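Written out below as structure tokens is the structure these notes cover.
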Amino acid sequence: MYTQQDEQRLYEQAKQLLKTQPDSPEEHIAQLREVINYADWKYYVQSDPALADVEYDTLFKQLNHTEDKYPELVTAYSPTQRVAQGLSERFPTVSHLVPMLSLDNTYNAEDLTDWDRKCRELAETEELEYCVEPKYDGASISLIYDNGSLARGATRGDGVMGEDVTANIRQIKAIPLSAALVKQGVTQVEIRGEIVIHKNVFEAYNKQRIAEGLSPLANPRNAASGTLRILDPAEVKKRGLNAILYHISDYTLADGAERPKQLGTHYGSLRWLYDLGFPTPAKEMKVFKHIDDVIAYCHEFEEQRDSLAFEVDGLVIKVNDFAMQDKMGMTSHHPRWAVAYKFKARQATSKLLDVEFQVGRVGAITPVAKIEPVPIGGVTVKSVSLFNEDVIREKDLRIGDTVLVERAGDVIPYIVKPLAELRTGEEKEIIFPTHCPACNSELEKQQDEAAWRCINIVCPVQVVERMIHFASKDAMDIRSLGGANVQKLYEKGLLPDIAGIYNIDWNKVKELGGFGEKSVTNLQEAIELSKKQPLNRLIYALGIRHVGETTAKTLASAVANINEFYDWDVEKLATLEDIGPKVATSVVDFFAREQNRETIRKLGEAGVNLENEHRGEQMTSGELSGKTFLFTGTLSHFKRSDAEAMVEAKGGSILGGVSSKLNYLVVGEDAGSKLEKAKKLGTVNILTEQEFLTLIEQ
Ligand code: IVH
């Protein structure tokens with residue numbers, strides 16, 4: 001559709017329009033339409049944005065503004081007269097009952113104050129109430145319920161027609177398949193919302209992808225929208241998507257039925273849905289009467305964006321009263337009664353200075369981009385993993401390129417793409433090494449794999465990395481045995497391998513210097529504690545290729561003792577849920593190796609738990625469904641928000657106080673009145689942090 005020259009020209013034209021505008025309105029409008037159409041095509045059809053959001057919005061505003069001034073120049077084909085396009089051909093297309101519009105964006109207090117002024121003008125009142133809620137960063141969706149049953153789920157598509165993804169939507173447990181709407185007099189309703197992915201679920205999924213040698217997905221948004229369009233609903237089910245519903249776009253009442261009272265305001269409508277079992281931001285919504293309070297809340301909320309379970313890229317401010325909303329109406333692009341306040345961007349451009357090659361614990365060589373340090377979301381990014389050679393080739397990265405870097409929340413930074421249009425011709429090809437940078441053995445690559453590997457099992461970097469992984473938080477959780485200590489003890493010959501962790505000569509460690517009395521005691525205690533870790537952690541800690549935390553749990557629950565795996569073959573392993581031939585072969589290879597058997601024997605002799613006390617029990621994603629939790633006191637093992645997210649990810653819910661409805665109270669240090677009250681009630685299970693972790697993990 002566009003040639004490379006077109007693309008280069010339009011990119012330059014966009015940059016130019018941001019700086020200076022042509023005097024003639026005809027020329028100005030023509031240029032803007034051309035670049036906006038191009039940017040829409042890049043964004044919606046190519047899924048490869050050409051402009052930053054702020055730049056796009058600025059150009060769109062220029063066009064709106066100029067067309068407002070010269071209405072005779074408006075044509076039906078202007079980008080202001082429609083929502084942007086882009087449909088996949090894989091799902092049947094369906095029309096939305098009401099067009100799915102976008103939102104207008106604001107970035108600062110001034111924009112919001114302007115918007116507030118316009119709202120009051122349009123509504124012809126000074127008494128407006130605003131409802132503020134998070135702007136979820138996922139894939140937008142429309143749901144139709146007919147006579148109380150989920151009848152259709154569709155993607156946004158071009159805003160008028162979407163893709164029918166009902167079969168996939170039905171796999172999302174947060175979305176009720178039926179609800180008591182008819183009792184409320186409502187025969188049909190269309191609800192809008194966002195399909196999102198829990199940050200924890202997203203990270204676990206990416207860990208799994210990395211363990212399988214695949215490159216991780218850039219952010220939860222891509223993961224959500226990609227998953228929604230997978231053609232196999234069973235695969236969608238496994239991915240643990242979630243949903244938040246934030247708008248009733250249409251409803252029909254039964255003959256003679258009275259409109260439910262709550263359907264007079266946005267706040268009321270989302271509470272109403274929530275009470276009927278729909279996932280809405282009922283608890284996150286806030287209502288304000290003054291824009292200054294809205295602005296203060298926006299600033300306060302932005303500070304906490306990382307503590308939320310889902311990725312949020314801003315807040316949405318909506319006029320609360322539906323009658324006012326109707327009065328204000330909409331443009332063909334967005335409703336006038338709502339606006340998004342966008343948080344600071346988490347993308348930035350930088351220069352690719354060099355690529356280093358690191359050796360991982362299973363020998364995979366990972367290229368790591370060294371970039372000119374650049375702040376993104378409060379963190380200075382200077383190193384970005386490139387995962388494997390294929391990623392470099394697919395993105396056509398070159399040393400010296402200007403690159404677009406993204407860091408979404410706590411997610412690891414990621415190179416989105418090089419800005420090829422900015423190349424000078426001086427950029428250099430990235431040459432992948434043929435030999436291990438640590439031990440110089442020749443690298444190998446298996447046919448179906450993306451990674452080059454060093455297969456020297458005693459390659460010093462791999463030995464150290466294996467120990468670091470073994471001791472890490474999600475594995476055996478040996479506090480204070482981090483990378484620096486492992487490296488130091490290994491170099492001094494005091495820690496030759498994994499089994500050696502339980503056989504350290506502490507006198508020699510003390511002689512070394514750098515380890516005080518207290519740190520030695522801490523290390524000894526942490527090592528001792530790790531002996532009691534459940535079997536799934538040990539299996540994960542052993543660092544078997546392709547075995548992530550989830551697979552380790554599946555494996556652990558299939559045996560009473562790890563030694564049983566010595567007799568298992570690929571066929572038997574493949575009978576376990578979610579274990580395919582690749583993982584099965586890797587597990588068989590691992591347990592067949594004499595060196596690994598020796599390690600396991602030594603671990604057992606040292607007193608490390610090799611047994612599974614909870615054989616046959618397996619935690620599924622909805623295992624805590626119907627269970628309620630509350631956290632109190634100072635938690636030292638995890639952040640409260642993380643723990644709450646873990647509960648929710650497994651289907652449980654968090655209560656605000658102690659009552660007869662509470663099932664579990666998790667107590668940290670200095671727990672006060674809540675603990676007292678729970679004890680008095682006598683019906684609440686009181687858990688320590690460790691007990692809570694065990695409950696969640698098993
Ligand atoms: S209201 C007419 N509320 O943001 C109703 N949208 O950038 C318009 N979004 O297309 C949408 N969180 O996909 C609304 N709380 C929220 C939202 C939200 C995320 C998405 C939605 C919209 C996009 C615009």
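This is a predicted model, so every value here is computed, not measured. Residue indices begin at 1 and follow the sequence shown.
Here the side chain of Arg453 pairs a donor or acceptor atom with the backbone of Val362 at under 3.5 angstrom. Here the side chain of Asp401 pairs no donor or acceptor atom with the backbone of Val403 at under 3.5 angstrom. No donor-acceptor pair closer than 3.5 Å links the side chain of Gln595 to the backbone N or O of Ile457. At least one donor-acceptor pair closer than 3.5 Å links the side chain of Asn168 to the backbone N or O of Ile230. Without hydrogens or angle criteria, Thr585 side chain to Pro581 main chain gives a donor-acceptor distance under 3.5 Å. Of the possible polar contacts, none joining the Lys417 side chain to the Leu397 backbone as a donor-acceptor pair under 3.5 Å is found.
Aromatic ring pairs are classed by plane angle as parallel below 30°, tilted from 30° to 60° and perpendicular above 60°; the pair Phe60 and Tyr56 is tilted.
The closest side-chain heavy-atom distance from Leu555 to Ile579 is below 4.5 Å. Residues Tyr11 and Val35 fail the side-chain proximity criterion, which asks for heavy atoms closer than 4.5 Å. Residues Arg361 and His469 form a side-chain contact, since some pair of their non-hydrogen atoms from C-beta on lies under 4.5 Å apart. The shortest distance between side-chain heavy atoms of Val547 and Leu542 does not fall below 4.5 Å. Between Pro220 and Phe310, every side-chain heavy-atom pair lies at or beyond the 4.5 Å cut-off. Inter-residue side-chain proximity for Arg9 and Glu12 is flagged as unmet; no heavy-atom pair is nearer than 4.5 Å. Side-chain contact between Met646 and Asn200: present, with at least one pair of heavy atoms (C-beta onward) separated by less than 4.5 Å. Phe357 places none of its side-chain heavy atoms less than 4.5 Å from the side chain of Trp452.
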Evaluate the criterion side-chain contact (heavy atoms from CB on, under 4.5 Å) for residue pair Ile197 and Tyr205; output intermediate values, then yes/no. CA-CA 10 Å; Ile197 200 159; Tyr205 177 63; 5.8 Å; no
Arg221 vs Glu406, test: salt bridge (charged side-chain N to carboxylate O under 4.0 Å, His left out). Steps then yes/no. CA-CA 12 Å; Arg221 169 181 12 107; Glu406 174 165 329; 3.6 Å; yes
Report the C-alpha separation of Val312 and Asp137 in whole Å, then their side-chain angles, then the decisive distance to 0.1 Å, and conclude whether the side-chain contact (heavy atoms from CB on, under 4.5 Å) test is met. CA-CA 5 Å; Val312 160; Asp137 201 7; over 6 Å; no
Salt bridge (charged side-chain N to carboxylate O under 4.0 Å, His left out) between Lys445 and Glu389: does it pass, once the steps are laid out? CA-CA 11 Å; Lys445 188 176 189 171; Glu389 190 181 16; 3.8 Å; yes
Verdict with supporting geometry, Arg229 and Glu163, salt bridge (charged side-chain N to carboxylate O under 4.0 Å, His left out): CA-CA 9 Å; Arg229 291 151 97 170; Glu163 293 151 304; 3.5 Å; yes
Gln533 and Leu538: CA distance, side-chain angles, deciding distance, side-chain contact (heavy atoms from CB on, under 4.5 Å) verdict: CA-CA 7 Å; Gln533 289 289 14; Leu538 175 67; over 6 Å; no
Quick one: do Ser140 and Arg156 satisfy side chain to side chain donor-acceptor pair (under 3.5 Å)? Show the steps, please. CA-CA 6 Å; Ser140 49; Arg156 176 171 181 270; 4.7 Å; no
Hey, mind stepping through Glu549 and Lys553 against salt bridge (charged side-chain N to carboxylate O under 4.0 Å, His left out) and telling me if it holds? CA-CA 6 Å; Glu549 281 171 276; Lys553 279 183 191 158; 5.7 Å; no
Run Tyr107 and Asp57 through side chain to side chain donor-acceptor pair (under 3.5 Å) and show every step you take. CA-CA 10 Å; Tyr107 295 90; Asp57 291 341; 2.4 Å; yes
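Closest heavy-atom contact between Asp313 and Arg305: CA-NH2, 4.1 Å. In plain terms, the two heavy atoms of Ile365 and Pro437 that are nearest each other are CD1-CD, 4.1 Å. For Ala39 against Leu51, the heavy-atom pair with the smallest separation is CB-CD1, 4.0 Å. Smallest separation of non-hydrogen atoms from Asn536 and Ala552: O-CB, 3.4 Å. Of all heavy-atom pairs spanning Leu573 and Ala584, the tightest one is CD1-O, 3.6 Å. In plain terms, the two heavy atoms of Leu17 and Gln31 that are nearest each other are CD2-OE1, 3.6 Å.
For the pair Glu203 and Lys199, the salt-bridge criterion is not met [side-chain N within less than 4.0 Å of a carboxylate O]. A salt bridge does not link Arg593 with Glu598: none of the charged nitrogens is closer than 4.0 Å to a carboxylate oxygen. Ion pairing between a basic and an acidic side chain is recognised when a charged N comes within 4.0 Å of a carboxylate O; Arg423 and Asp396 show such pairing.
For the atom pair Met467 CE and Met476 CE, the distance stands at 14.5 Å (nearest 0.5 Å). Separating the OG atom in Ser530 from the CZ atom in Arg479 is a distance of 12.0 Å, to the nearest 0.5 Å. To the nearest 0.5 Å, the span separating CD on Gln13 from OH on Tyr38 amounts to 11.0 Å. Between the NE2 atom of His299 and the CG atom of Leu315 there is a distance of 10.5 Å, given to the nearest 0.5 Å. Residue Ser472 holds its OG atom at 5.5 Å from OH of Tyr540, rounded to the nearest 0.5 Å. To the nearest 0.5 angstrom, Leu228 atom CG is 5.5 Å from Ile195 atom CD1.
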Could you give the side-chain donor-acceptor pairs of residues 482-495 under 3.5 Å, partners two or more places apart or in another chain?
unit_1 : atom_1 : unit_2 : atom_2 : d
Asn485 : ND2    : Ser480 : O      : 2.7
Gln487 : NE2    : Glu491 : OE2    : 2.8

N/O donor-acceptor pairs under 3.5 Å from side chains in residues 371-387, not counting sequence neighbours:
unit_1 : atom_1 : unit_2 : atom_2 : d
Ser383 : OG     : Lys370 : NZ     : 2.5
Ser385 : OG     : Phe387 : N      : 3.2

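The side-chain hydrogen bond (donor to acceptor under 3.5 Å, both in side chains) contacts involving residues 426-444 comprise Thr424-Glu427, where partners must be two or more places apart or lie in separate chains.
Taking the six-membered ring for Trp, Phe301 and Tyr341 have ring centres at least 6.0 Å apart.
Dense packing is recorded around CD of Gln304, with more than 12 heavy atoms of other residues, nucleotides or ligands lying under 6.0 Å away. Residue Lys344 places its NZ atom among 12 or fewer non-hydrogen atoms of other residues, nucleotides or ligands, all under 6.0 Å distant.
In summary, the side chains of Thr58 and Gln62 do not present any donor paired with an acceptor at a separation below 3.5 Å, with no hydrogens or angles considered. Side-chain contact annotation: Tyr414 with Arg407, donor-acceptor N/O pair under 3.5 Å absent.
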